[in-house]
Amino acid sequence: MSPKIVVGQIVGVFGVKGWIKIKSFTDPIDNVVRYKPWYLGLAQGLREYTLEDFVQRPQGLVVKFKGIDD
């Protein structure tokens, strides 16, 4: 597995349909969505996720991953 670079952090949930608030470490902040695939650090280790959609809101960036619906 190639080295990974941390480009953001999950900071909370947004709504009840699987959307997640992201703190981006990229400039501009929406550049984080250009990275593919996304790996999330979980208790079981890194797991790959596919970005389904994203929205930049006044409060920050929110993303939706395929397969996460709640």
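Contact annotation: the side chain of Val55 never approaches that of Lys64 to less than 4.5 Å [non-hydrogen atoms, C-beta and beyond]. A heavy-atom distance below 4.5 Å is not found between the side chains of Asn31 and Val7. Contact annotation: the side chain of Tyr35 never approaches that of Leu51 to less than 4.5 Å [non-hydrogen atoms, C-beta and beyond].
Within the hydrophobic cluster formed by Ile, Leu, Val, Met, Phe, Trp and Tyr side chains joined at under 4.5 Å, directly or through other members, Phe25 is accompanied by Val6.
Residues Phe54 and Val32 share a single hydrophobic cluster, defined by chaining ILVMFWY side chains whose heavy atoms lie under 4.5 Å apart. Linking ILVMFWY residues whenever their side-chain heavy atoms come closer than 4.5 Å, directly or via other members, places Ile5 and Val33 in the same cluster.
Atom OH of Tyr49 sits about 5.0 Å away from atom CG of Leu42, to the nearest 0.5 Å. To the nearest 0.5 Å, atoms CH2 (Trp38) and CZ (Phe65) are separated by 4.5 Å.
The salt bridge (charged side-chain N to carboxylate O under 4.0 Å, His left out) analysis of residues 27-54, with sequence neighbours excluded, yields no pairs.
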Can I get a per-line list of side-chain donor-acceptor pairs under 3.5 Å for residues 8-23, giving both atom names and the distance, sequence neighbours left out?
none

